[in-house]
Protein chains: 2
Amino acid sequence: MANENEITETAVAVGSRMSGDERRSQILLIAIKLFSQKGFSASTTKEIARLAGISEAMVFRHFATKSELYHAILDYKACEGGTKNPPWTNPVLKRAIEDKDDYAVFYNFALGALLHHKEDVDFMRLLFYAALDEHELSQMFFDQFVSRIYDFIGSYIRQRQADGAIREVEPRVVVRAFLGMLIHHSLNNILWDKKRRLLDVTDEEAAKNFTEILLKGVLKEKQQ
Amino acid sequence: MANENEITETAVAVGSRMSGDERRSQILLIAIKLFSQKGFSASTTKEIARLAGISEAMVFRHFATKSELYHAILDYKACEGGTKNPPWTNPVLKRAIEDKDDYAVFYNFALGALLHHKEDVDFMRLLFYAALDEHELSQMFFDQFVSRIYDFIGSYIRQRQADGAIREVEPRVVVRAFLGMLIHHSLNNILWDKKRRLLDVTDEEAAKNFTEILLKGVLKEKQQ
DNA sequence: GTCTATATAGCGATAGAC
DNA sequence: GTCTATCGCTATATAGAC
């Protein structure tokens with residue numbers, strides 16, 4: 001691969017004797033970084049060991065197989081990383097929904113998503129690798145998280161349609177359009193824009209613009 | 001990996017003696033399929049050889065290294081596959097632009113993109129793998145194709161803003177929003193929707209809905 | 001052009017001492 | 001909990017016969 005970069009920074013202290021649990025999470029964190037950078041097959045247990053400052057045998061003492069390590073990562077990330085603070089528990093968003101403040105609903109959702117993506121680039125990369133590899137994590141995350149997003153935003157849209165505020169469009173199409181803007185934007189930031197910046201906007205500006213486009217796009221004209 | 005499927009279908013006749021060029025393209029096509037399904041590292045020259053019905057040594061006669069094979073694929077795909085019939089040569093689209101028929105411009109662009117994605121799933125997967133691996137193809141495709149799309153649609157938007165038809169938004173943000181809907185939708189179709197279908201619409205419906213959302217979202221109200 | 005056979009290296013994983 | 005040493009396997013890549 002073109003990327004010959006090394007991981008130089010490690011969140012956990014390297015080497016030195018540590019307890020089983022400490023060591024286990026250290027290995028986990030390093031493996032997350034490595035797998036998210038190079039994918040599963042291109043990552044080696046040897047390099048994980050080297051980065052952790054321990055021998056390969058130690059890696060296999062904590063995780064019987066490389067595959068088990070992968071699963072542990074995915075479990076860890078899917079439970080802790082990906083679905084922590086989901087939108088449906090966000091108080092600001094809940095309030096906006098109660099108030100039927102359409103702009104606040106979509107803007108806060110958008111900004112939250114963009115910040116979350118930026119904060120957990122590793123997880124996004126891991127998730128895309130898993131999706132391409134057709135790994136079960138992908139489906140797991142999808143069922144546990146993405147499909148709920150569709151229900152969550154979709155039901156708000158349906159409600160606002162009943163109010164006569166939003167025109168008749170299939171709610172799921174609207175969700176896909178909105179998520180498309182957000183996820184595609186984050187993906188661009190992660191994968192390409194670092195080198196050639198096609199678009200240089202703050203997360204707030206992006207959230208504002210996307211929200212405006214979507215809302216004007218779906219609200220009935222008289223409402224605007 | 002979870003995907004244990006085999007490639008059973010091959011576009012090119014397997015085995016039997018063939019000319020150098022024939023054999024070369026056969027290997028290329030098989031490798032494209034394999035790399036796009038499993039990524040670079042997880043694909044083996046042995047399997048390529050097996051699928052082609054030849055020995056591994058033959059693969060290395062045509063491509064000195066596995067990496068060279070990868071490059072050949074990317075050159076081939078980037079020149080022939082990805083950028084064949086780009087939107088800016090589409091006569092229907094050109095006509096719509098001349099006529100300043102906003103709906104036709106965005107609808108035809110959208111439908112063209114969705115059909116193209118569906119037609120060349122292998123290339124999309126290859127491109128995403130390459131992007132994650134930070135392979136140069138990714139940047140190449142980006143510079144040769146994506147950035148031109150931004151210029152192409154962006155300049156149309158700018159023109160319509162000068163006409164007073166489209167409200168003041170950064171054109172590149174609008175492009176990103178629209179491409180986001182389209183690419184994200186295709187990505188969903190490819191990666192997840194095959195198992196759990198969140199959204200079941202024809203390409204025409206999707207193109208229509210996305211176009212309507214975008215246009216209502218950016219046109220000045222009086223224009224609608 | 002195609003093969004068999006082989007070189008070489010690195011992989012995941014294990015054994016056994018400390 | 002950690003190491004060194006090593007196994008068995010598979011990977012890429014090459015040599016040389018047909």
Starting at CE of B:Met58 and ending at C1' of C:dT2, how long is that distance when rounded to a whole Å? 6 Å
Sorted by chain and residue number, the salt bridge (Lys or Arg N to Asp or Glu O under 4.0 Å) partners of B:Lys118 (sequence neighbours excluded) come out as B:Asp203
Taken to the nearest whole Å, CG/A:Asp21 to C1'/D:dG1 is 13 Å
So if I define the base as every atom that isn't primed, P, OP1 or OP2, how would nucleotides 11-18 of chain C read as a B/S/- string at a heavy-atom cutoff under 4.0 Å? SBBBB---
With sequence neighbours left out, what residues match A:Glu205 under side chain to side chain donor-acceptor pair (under 3.5 Å)? A:Thr202
Between B:Ile48 (CD1) and D:dA11 (C1'), how many Å, whole number? 12 Å
Separation of A:Lys38 atom NZ from C:dG10 atom C1', in whole Å? 13 Å
Of all residues at least two apart in sequence or in a different chain, which pass the ring-ring contact (aromatic ring centres under 6.0 Å, His included) check with B:Tyr156? none
Whole-Å distance, A:His62 NE2 to D:dC3 P, equals 10 Å
Just to verify, what does A:Asn108 make a side chain to side chain donor-acceptor pair (under 3.5 Å) with, not counting sequence neighbours? none
Lys/Arg-Asp/Glu bridge criterion (N-O < 4.0 Å) met for A:Lys77, A:Asp122: no
For residues 179-195 of chain B, which residue pairs pass the salt bridge (charged side-chain N to carboxylate O under 4.0 Å, His left out) check, not counting sequence neighbours? A:Arg176-B:Asp193
